[in-house]
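Hydrogens, waters and symmetry mates are skipped; everything else that's a heavy atom, side chains included, is used. All figures in this text were calculated on a predicted structure; none of them were measured in a lab. So you know, we letter chains A, B, ... as the sequences are listed, proteins then strands, and number each from 1.
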Amino acid sequence: MLYLYIWLFPILAGILAWRFKNKSLNSALVFAHSILHLFAGIAFVLPSSGLPEFLGIDGLSIWFFIISAILYFAVGLYSLQLKGSLSNRQSSIYAICMMAFVASMDGANLSRDLGLIWVFVETTTLASALLISFEHHKQSLEAAWKYLFICSIGIAMAFVGILLLVIAMPTASSLAIDTILTLAETITPFWLKVSFVFMLIGFGTKVGLAPLHFWLPDAHSEAPAAVSALLSGALLNTALLPLIRMQEVMNACHLGGLASQLFITMGLISMFVAAVFMLKIKNYKRMLAYSSIENMGIVMIAFALGEYAGKAGLIHVMGHSMIKAAFFLTAGNVYGIFGKKDYDQCSGLLAKNPISGWLWLISFMFIIGMPPSPLFLSEFYIAFALIASGNIIVLIAFFILLAIIAYGLGCASLAITMGAGKARTKLPFSRYLPQIALLCCAVVLPLLLLYLVY
Amino acid sequence: MADILLVLFGVSLLFASITNMLSSIARILIVQGLILFVLTILKTNEINMWEFAFVALETIVFKAVLIPWFILDTIRKNGIKREVEPSVSNFFSLGSMTAIFAFAFFIALWSGKSNQNLYPLHFGIAFAAILKGLFIIIANKKLITHLMGYLIMENGIFLLSLALGSQMPHVVSLGVSLDILLSILILVLFLNKINSTFEEVDSDELSTLRD
């Protein structure tokens with residue numbers, strides 16, 4: 001049943017949206033989809049429901065599904081009153097792409113077959129490219145083109161990786177993770193290694209790991225705020241999932257050490273690149289995008305270390321998604337108020353619009369990992385795991401880079417919020433509520449879910 | 001028969017590295033599409049009927065007709081004749097293609113040993129095409145050439161998936177879906193829209209967004 005409405009509803013709603021081209025109907029459809037989606041997520045988690053066993057879904061899938069469900073609900077709420085300037089046709093396209101985007105992310109999160117995951121990741125690229133280029137000006141077209149082209153190459157590389165994996169297991173007839181794991185003893189190590197590298201490059205492009213991240217700041221900064229929030233909070237995780245699953249396979253074939261080394265290298269490079277650019281750029285949405293690259297790097301390091309650091313990685317993924325989504329939605333408010341994208345041209349947000357100002361500051365505090373942010377907990381455990389595994393140099397680099405990034409983000413956040421502001425600007429309540437809810441969820445939910453799912 | 005076709009496919013890759021004309025690369029794509037179509041037919045007994053019909057139809061329609069036609073059309077409309085600014089000379093590009101072949105066959109030696117289903121010549125040519133596609137994308141500046149590089153890479157991927165068709169038939173259809181992704185990518189008018197928004201279709205032009 002759940003499967004039915006996770007995919008059937010978007011299809012039917014898409015047809016409706018295309019047929020009637022009515023603005024309020026479109027908003028209602030997207031909102032209804034997001035509510036259904038949230039319920040599906042809750043149904044997955046309830047321990048008594050027995051649904052996960054029935055559907056053959058594992059904890060990781062549920063975890064990532066819940067994240068996207070909550071984000072999508074928040075985004076649905078946020079964009080309820082956003083459609084004022086759009087034509088009917090545009091709002092239909094927006095609604096259809098949005099639902100297709102979320103439905104394909106669900107597919108990638110829930111399936112346990114590498115082939116299927118790959119197809120769904122491919123579909124997310126298509127649906128989201130249209131959303132990025134939605135405003136149709138020069139920059140957003142350029143961003144969408146870069147996104148499509150670079151991610152398509154990434155997707156192609158990931159497919160080469162999958163083909164090489166097939167070569168590595170001459171007896172397999174399916175790409176389901178469970179089958180691969182049962183065949184672990186017969187897999188040829190050489191081809192598995194090559195295949196893993198290709199998949200890391202391919203899906204890593206989509207995750208935005210440096211040095212394959214070039215599309216990410218462009219796409220995330222040019223998309224509308226609601227889309228940026230979903231891209232950064234949900235899509236990056238979706239692309240991360242196949243990498244985590246491949247790491248399982250590598251571990252089963254006794255090649256876990258190589259996977260960890262590659263993960264740590266990519267993670268550190270990502271953090272380094274983010275730190276360097278964070279000091280240099282002025283566009284606050286781009287800064288948030290670089291902060292996503294940094295956080296994905298941290299998550300890679302966490303999964304590389306495994307065990308409790310792996311659990312910390314899960315907390316980090318969830319915390320980062322919620323906080324970053326809240327941050328991006330607030331950035332939408334800031335852009336709405338000032339109409340500028342560079343932080344040195346905006347000041348006095350606290351005076352102009354106190355709620356947005358406070359949301360901005362709190363999101364900032366949370367994203368750099370101040371308690372009670374879940375990122376504090378996860379980064380603490382990652383540092384702990386780094387010490388336990390003797391990676392002292394990595395630990396030092398980790399903290400230096402975190403400090404630089406906190407400084408860079410801090411400059412921007414304070415420049416925007418502080419200063420004198422003249423007139424007050426009013427915004428509808430639906431432009432604050434989602435962020436407040438997301439930040440509350442970020443504090444409470446990771447621990448609660450960790451208790452329930454694991 | 002299949003061997004001759006594979007070697008022809010390899011020769012088309014060599015030809016792609018010595019030509020400067022955009023339209024001749026588009027013609028190479030047509031030839032490659034046809035070769036892939038015949039190879040698919042030769043594989044009939046290994047793939048089930050419906051899947052086969054779908055794959056063969058897709059290969060002939062998309063790879064050999066629709067996409068090359070679209071590219072030739074774009075070239076004609078925009079009056080682009082030559083790839084004016086290749087970053088590397090023909091000589092260098094031919095040399096690197098040779099190196100790519102050498103590398104691909106070097107790896108192919110292993111492939112035959114570990115997987116009996118795989119034929120080293122098939123793997124070598126396919127892998128070379130993938131690398132060649134990447135090389136074209138890196139070495140050129142025009143967006144339309146990037147696109148053609150991507151198409152050559154994709155033909156290589158399809159060839160590779162065809163090699164594995166007997167073991168796992170559905171990877172072939174997955175490879176096909178990559179094709180469909182690309183066709184939508186093109187047909188959603190990105191190229192045309194980018195064309196009208198940006199005067200020259202050069203990747204250097206796409207630099208308003210940078211850090």
Which pairs would a plain distance check flag for residues 96-104 of chain B, meaning a side-chain donor or acceptor within less than 3.5 Å of a matching protein atom at least two apart in sequence or in another chain?
| from | atom 1 | to | atom 2 | distance (Å) |
| --- | --- | --- | --- | --- |
| B/Ser96 | OG | B/Phe92 | O | 3.2 |
| B/Ser96 | OG | B/Ser93 | O | 2.8 |
| B/Thr98 | OG1 | B/Leu94 | O | 2.8 |

With a 4.5 Å cut-off on side-chain heavy atoms, are A/Trp191 and B/Ile107 touching?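 B/Ile107 reaches A/Trp191 side chain to side chain.
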Side chains of A/Ile153 and B/Met153: does their closest heavy-atom pair fall under 4.5 Å?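 Yes, side chains in contact.
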Please round to the nearest 0.5 Å and tell me the distance separating atom CG of A/Leu164 and atom CZ of B/Phe123.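 Spacing of CG (A/Leu164) from CZ (B/Phe123) equals 5.5 Å.
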What's the spacing between A/Phe149 CZ and B/Leu147 CG if we round to 0.5 Å?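 Going from CZ on A/Phe149 over to CG on B/Leu147, the span is 6.0 Å.
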Answer with side chain, backbone, both or neither: which region of A/Leu116 has an atom nearer than 4.5 Å to a non-hydrogen atom of chain B?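 When you check distances to chain B, no heavy atom of A/Leu116 falls under 4.5 Å.
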A/Phe214 portion near chain B, given a 4.5 angstrom heavy-atom threshold: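 For A/Phe214, no heavy atom lies under 4.5 Å from chain B.
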Top contributor to chain A contacts, counting heavy-atom pairs under 4.5 Å, from B/Ile157, B/Leu134, B/Ile130: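 Highest number of heavy-atom pairs under 4.5 Å: B/Ile157.
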Minimal non-hydrogen separation, A/Ser152 against B/Tyr150, with atom names: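 Where A/Ser152 meets B/Tyr150 most closely, the heavy atoms are O-OH, 3.0 Å.
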Of all heavy-atom pairs between B/Leu164 and A/Ile167, which one has the smallest distance, and what is that distance?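 Nearest pair, atom of B/Leu164 first, then A/Ile167: CD2-CG1, 3.7 Å.
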Count the heavy atoms belonging to other residues, nucleotides or ligands that lie under 6.0 Å from CZ of B/Phe105, then report whether that count exceeds 12.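 Yes, CZ of B/Phe105 has more than 12 neighbouring heavy atoms, counting only those of other groups under 6.0 Å.
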